[in-house]
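Some notes on the structure that comes next.
As a basis for the values below, the full set of heavy atoms in this structure was taken, side chains included, without hydrogen atoms, waters or symmetry mates. Proteins come first, then strands; the chains are lettered A, B, ... in the order of their sequence lines, and each starts at number 1.
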Amino acid sequence: MKRFSNLFKVYGSALLLCSVVLVMSCTDKFDDINTNKNALSNLSAGQLPFLFSKAQSVATNNGWNYQIAQNLFHDQYCQYFANTTTYFPSDRLVIRFDWIRAAWNPIYSEVVPQLQTLLEGYEAGTAENAIAKIWWVYTFHRLTDTWGPVPYTKAGIAGEGIAYDDQQSIYNDLFAKLAEALNTLNGKSGTPYGSFDLIYGGNIDKWIRFGNTLRLRMAIRISAADKPKATSEATAALGGKLLEVSPDHDALITRTEKGADFNGLTIMDWNEFRMSATMESVLKGYGDPRMQVYFSEAADGGYHGLRNGLTSADMAEPKNKATYNSNKGPRWDKTKPGTLETPSNVMATAEAWFLRAEAKEILGLGSGTTKEYYERGIKESMKQWGITDDAAIAAYTASTKTPIAPEDFTNAPAVSSAPVKFDPALAKEQITIQKWLALFPEGVEAWADIRRSRAFKLYPVKQSDNADLPNPADVNTPSNNWIRRIPFIADEKQTNGAEVEKAVSLLGGPDKISTPLWWDKNP
Amino acid sequence: MLTLTRFGFSLKTFKLKAVYLTPNKRMSKKLQLIGLLLWMASATAFAQTVTGKVTSASDGAAIPGASVLVKGTTTGAATDIDGKYSLNVSNPANAVLVVSYIGYRTTEVPVQGRSQVDISLEEDATQLGEVVVTALGISREAKTLVYATQQVKASSLTEVRDANNVLNSLQGKLANVVITQGSGGVGSGARIVLRGNRSIQGSNNALIVVDGVPITNGTNGTVTSDFGGLQGTDGASNINPDDIESMTILRGASAAALYGSAAGNGVILITTKKGSKDRLSVSVNSGVTAERPFILPDLQNEYGQGNSGTLIGTSGESWGAKMTGQTFTGTYGSRKYSAQTDNVKDFFRTGLSLNNSIGISGGSDKMQTYLSYTNNTVQGIMPRNDLDRHTFNLRITNNISKKLTTDAKVTYIMQDIKSKYSTGEGGPVMELYQIPRNVALDDAKKFEEINNVGIPVPAAYPVINPALYQNPYWRVNRQENNESRSRVMGFMLAKYQINDWLSVTGRANIDKIGDELESLAYQGTLGLSSAGGAYSLSRIGVTQKWFDLILSGSNKLSDQVKLEYRAGAILQDNKTTSLFASANGLNIPNTFSLNFATNRDYGQGEVQVQTQSVFAQANLSYKDALFVDASLRNDWDSRLPSPYNYMYPSVGASAILSDLFSLPDALSFLKLSANYAEVGNGGQAQIRFNTYSYSQGAGAGFVARGLTQAIPNLKPEIVRNIEVGLEGKLLENRLGFTVTYYKSNSFNQLLRLKLPVASGFYDKYVNAGNIQNQGVEFVLSGSPIKEGALTWDVAFNFGLNRNKVVELTETVKEFAVSESGFGRSATPVVKEGGSYGDMKGFVWYRENDFKTGDAKSHSGRFVVNADGTPLTSLTTGELQNIGNFNPRSTMGLSNTFEFKGITARLLIDGRVGGVIVDGTEQLLAYNGAPAATANFRAANSWALNGVSKTGSEVSAKTNAQAFWTTASGGRYGTAEFFTYDATNFRVRELSVGYNLPVPENFAIKSARLSLVARNLFWLYRGSAVVEIPGLPKRKMGFDPDMALGNGNWQGVSYGTMPSTRSIGVNLQLTF
């Protein structure tokens, strides 16, 4: 009897154990448990506009990304700013790939996926689809203008080897996409994306102007490499509406201090950059009223810039200290309330007028004169930065002042001898200088334009630590003695090595900073 | 009444007879008479109460639960929590007490008529009955185990304490254990790695188990690069050393197999105290410890503020003139230009930690209770950094019936940490260390001015870059990171003894943590300069539920064959929820509440993981000398794809050779064991599907697809482990040793594999890789002096581990450990063919770096620029291997001396090999503060005798400022100059304890006073790996035990807090 009772208990316990196991082995809820309820698993149509905001924000280098994506490279290579700290070697032309990848990675991983979803989510023929295409073009022309060949047709297609495309084919496709988008937009009404469009709030007219100006920008860019294509694209662009009046048409993107979407230029209060000697030479020489907007007074009350590419020994010089030189303008001064939300410059109306001037000068297109376009460009730029006194603008435009020697530590001479006052013989250089001033602080476009134009010679860097371009100051080297591109990034060589090797052949030269891009031709 | 008397009488008569008869015939009549008289005078004289205390011979600690038995009778008692017993001895003159306790040699003590008999027990590790707590809280006989374990005595954790984390107290006591402490101040999380690193992107921390169930040991944020950040507290730091009864370390996967996930990193098993039967006892432990920095950077005191040898009174650099007491005008007005030798040291305050605990234990046969309260008040060495912790603990054990027993515990922990500070780049430590050598702390203390609207603004302070570095006094006074935690841990366990060979145990365990993290910074604080000040608040809740049911039995299959077996089921459910709110500026400046926010920003997260498991384990023994052990566990894991399950086995065998064969007499015990085990790990939650997430931004915010490609077919990670061990005792057990060899391979690691980003994803999850660790552990214990008044016990442990990254993935051959990429000085990487923790950084070029093909190597003469300064790979961006952060071997030697009630313990430990990059020195070198920068200040005074890239000699001379600013690069530098051999030995712990004599019948039953000290002094510390021509060797100016964080990113010291030397007094009272 006792034995039976024991047995009963044994089996009873075993049964209990089994039943607990059975109850527990209920894996029905496992997938639910493993689902992230604070994220979206599937997108509905109403959620798509949020993706457009993201694509806009990232493509224009927001927040912390701005410094390593743009400020340390493009903004220095167009000599808006010069470096005041030895630990950033990029001003001495050394490319830190772990930084510059910030100009590459977010484009492919944060812009492309959203745009692809939008292009699938909004049928071709809709205004939303067309604007997404324009944004695609904006995004990719900046990318290819930095590297040359980049993954394009295979972009955003998951896999482990992503092929690169050559720059000419990329430009051809970008032009085709632009044409298609502009065709779609003409005659459309409504406010696509509405307030989710952080640049124009869904204003179709402005998007058409933006698209056409972009088309003209790209046409001028390739004018030395493919003149027939440049002519046809420029003609088409000039046939449509361009950016015309500032500030109404200026493309500025809203920033916010929420999340990490602030205006990246506010990091300038880290004192790692100051006004360049180049900027000082031109702004001071011209007595340019924009100087007080672009830059701040240095500690001594004056405006001072320093030379790009200083060595650590040079930095010890008092004239090269951050305190001696001018920081960026007050609107980007993070210590003042609200500056994190200062909108970022995407495209200036003034640029459209300078592009018209170049279309006239280079391609012979347009009904006005180069001088008219040039002067209008200056005027719109002044207005963009709040200088509205027409008399002052007229005086500036008529000024024969030229850039001056910046009194920097290298005792550099004036960077140029071209005055503000239009001179047909100096037209190309004057347009380039004024466009360069007007594009500030959008260094990505400014660097591309300087390279393409070749009409405005910046100061050679004080020292190059990059063996690809050992002596930029050597006057005997041809006019391409300037950093002309960013080499393919180290991560790509690691993760996409075979395709990078093929890409070098598409580049038409070694994978160096001195190799000009397809459109970057000797004049 | 009458019956009683009669009964008593007869009993006494019987006892008298015994007395009478034992001395036998030689006893004279006289003696008989005396005996009779004595009996008549006092009947009780013969049935006397004997009391006493049982202590451990090695450290004098009380032994609770020891059995005290009158030899030849069934009369006995167990000692209480203070080791005290009370016993009726019928024949005190001749009785002999037999005292036994697990782990100690059974001792016989004649009573000799005494009423108080104190007994000191010798430890005996060979004792066959020794019981070890193993996985799931299962107690097993040590000799039946097929794997190595190591025990840590609770007394060694409670005497010399580490105020931050009990895990730090294990330093030097265990073989093959590497402990680094996060340098985020009081309560910082620690990293404890057993037998090497095996996980590239997951945790390498050992699993911490309390009373059979793993506790949550996560960290709310750790520093993952030299950019720095806040180191969170961990789960282990909440464990109250006073409540610990014993600790067992299971290093290998086989020992831990029953824990499944995460057990691949080994397990630290902690068993906490229970109540005891019989008497009520109260113990009080009070300790006070004072701390000062143990090691600070070696700074120069010859040159002050300025540049190129010129005095500049506002400069943040120390490249100025020679300090000779000249008068100058600077940031603080007119001052004497003289060295402030202690301006770094004096910033730190004396840390003070107070520990007060009271434990009450008592109970009856039916129910035992242990109740304790502990208060820890810790004042860190960084001003305003304080910790206050209250731990309440209640344990009730019931013997409801002979068959049913229950055990229940609830622990409540309330912890507040004030003013945690960041380490690394943005913290006060780095800011303090750069203070110019002539700036007095009294001047620096004027860190703020009040502006016209009553708002404090930072006062001028000489730093090299005022946009990046701030007066450290502002940092510690005007910025706060506060953390408060409430945590409940509890379990209920019921065991039913079905019959004499089978029992069933059920357990429910809850661990719930509520954390509130608050961060505030006054307007004007760098890095957080939102207008009006910065404020953020986050709440993180972690809940772990654990239920298990285990059926266990043991049967004798024959006289020589015994079978023990267990089968069970476990349900584990972990859930982490988080809420985050930030103010993004305060509309009313410096009012730290979300109510005043300029832009409120919120976020929320939730991650849940559930595993369901069944397991079986069996142990077969033959002749009590041969053992075979096997286990099998199957897990269903919510993180995996359907059918969610995976299974892993372990098998092992051991033989007690000394029982099976005839061995030389000197060898009293010899055991050989071997085992093989697999352990699985389910990976990571919520990574099987791509999702879109929302983030704050302009307009209505953003929605974007995740950056990491999902892994729909996630596989579990598997660690395969083999272990062979030999354990022996020699010379009548005075010498014992264990030697263990192991090899573990970790497969199918969950990695985030970089993709070509053009694919639309940064990376994707893959299961790949094979990381191998193999090594040897050696533990020796001995008693060189055992007889007489003085005893001396020695314990030595040694461990070495060799790691090899056998395989990563087909396409990726190298991973950076830090997710934030290359930092400012160096970063550890995992590279196929290399070892986990190889460090990469920029180097000083040697001439063979410029050779091609096989001739290329990092050797030969130093390469210098034309101006004589070093040519570093910082200029080319080429990273090179500069060593590995892991020690080649670790060891610890502990000596215990006992002399007439005084116990002294000395622990010396150390590590050999491995490098640490001193990023702190790297940054400081730019400012001219380190001692080495005082040499060659004059222009053209320093010949490095280097060569150009092509090998031609360069005669140009350099000087200190040019050399060090080139080497340092400021915030991004050449790590090789600042790489140190981390080999070091030190006196880790010293304690001297004395059992104060206590009068009998006094309220206090025992009192022990100890003087304790930790981190006393270095015996040896390593030097810089690069010997710079002309300079003396530079010794490490930091402690390799201190890390920026407790994650996998290790090997760099960068604004890391100094470790501390502590000295304290501890008083233990028992009532």
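Taking a cutoff of 4.0 Å between a charged side-chain nitrogen and a carboxylate oxygen, K258(A) and D601(B) do not qualify as a salt bridge. Look at D32(A) and K29(A) and you find no salt bridge, because none of the NZ, NE, NH1 or NH2 atoms lies under 4.0 Å from a carboxylate O.
With a 4.5 angstrom heavy-atom cutoff, A700(B) touches chain A via backbone and side-chain atoms both. Neither the backbone nor the side chain of K575(B) comes within contact range of chain A; no heavy atom of the residue lies under 4.5 Å from a heavy atom of that chain. Contact annotation for N645(B): neither backbone nor side-chain heavy atoms come within less than 4.5 Å of a heavy atom of chain A. Neither the backbone nor the side chain of V607(B) has a heavy atom closer than 4.5 Å to any heavy atom of chain A. Interface remark: Q709(B) contributes side-chain atoms only to the contact with chain A (heavy atom separation under 4.5 Å). Residue contact with chain A, scored on non-hydrogen atoms closer than 4.5 Å, involves the backbone and the side chain of L755(B) alike. Looking at Q523(B), neither its backbone nor its side chain comes within 4.5 Å of chain A, counting heavy atoms on both sides.
Applying ring-ring contact (aromatic ring centres under 6.0 Å, His included) to F488(A) and the options Y164(A), W104(A), F97(A) leaves one that passes, Y164(A).
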key: Intermediate values then yes/no, side-chain contact (heavy atoms from CB on, under 4.5 Å), F761(B) and Y108(A)   = CA-CA 7 Å; F761(B) 292 102; Y108(A) 285 109; over 6 Å; no
query = Could you go step by step and tell me if L43(A) and Y692(B) meet the side-chain contact (heavy atoms from CB on, under 4.5 Å) rule?
reply = CA-CA 8 Å; L43(A) 293 175; Y692(B) 285 80; 3.4 Å; yes
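Of all heavy-atom pairs between L640(B) and R688(B), the closest is O-NH1, 3.3 Å.
Taking G706(B), S693(B), A698(B) one by one and counting their heavy-atom pairs under 4.5 Å with chain A, the maximum is reached by A698(B). For the options T256(A), N496(A), N34(A), D261(A), heavy-atom pairs under 4.5 Å to chain B are most numerous at N34(A). Of the listed residues (S759(B), P643(B), S695(B), S968(B)), the one with the most heavy-atom contacts under 4.5 Å to chain A is S759(B). Contacts with chain A were tallied for V757(B), N307(B), L874(B); V757(B) has the most, counting heavy-atom pairs under 4.5 Å. For the options P151(A), A316(A), P49(A), heavy-atom pairs under 4.5 Å to chain B are most numerous at A316(A). No other option in E272(A), K54(A), K336(A) has as many heavy-atom pairs under 4.5 Å with chain B as K54(A).
A donor-acceptor contact under 3.5 angstrom links the side chains of Q463(A) and D465(A), judged on distance only.
A distance-only check finds no donor-acceptor pair linking the side chain of E110(A) to the backbone of R705(B) [under 3.5 Å].
For R566(B) and F615(B), the positive end is not near the middle of the six-membered ring at less than 6.0 Å and at most 45° from its axis.
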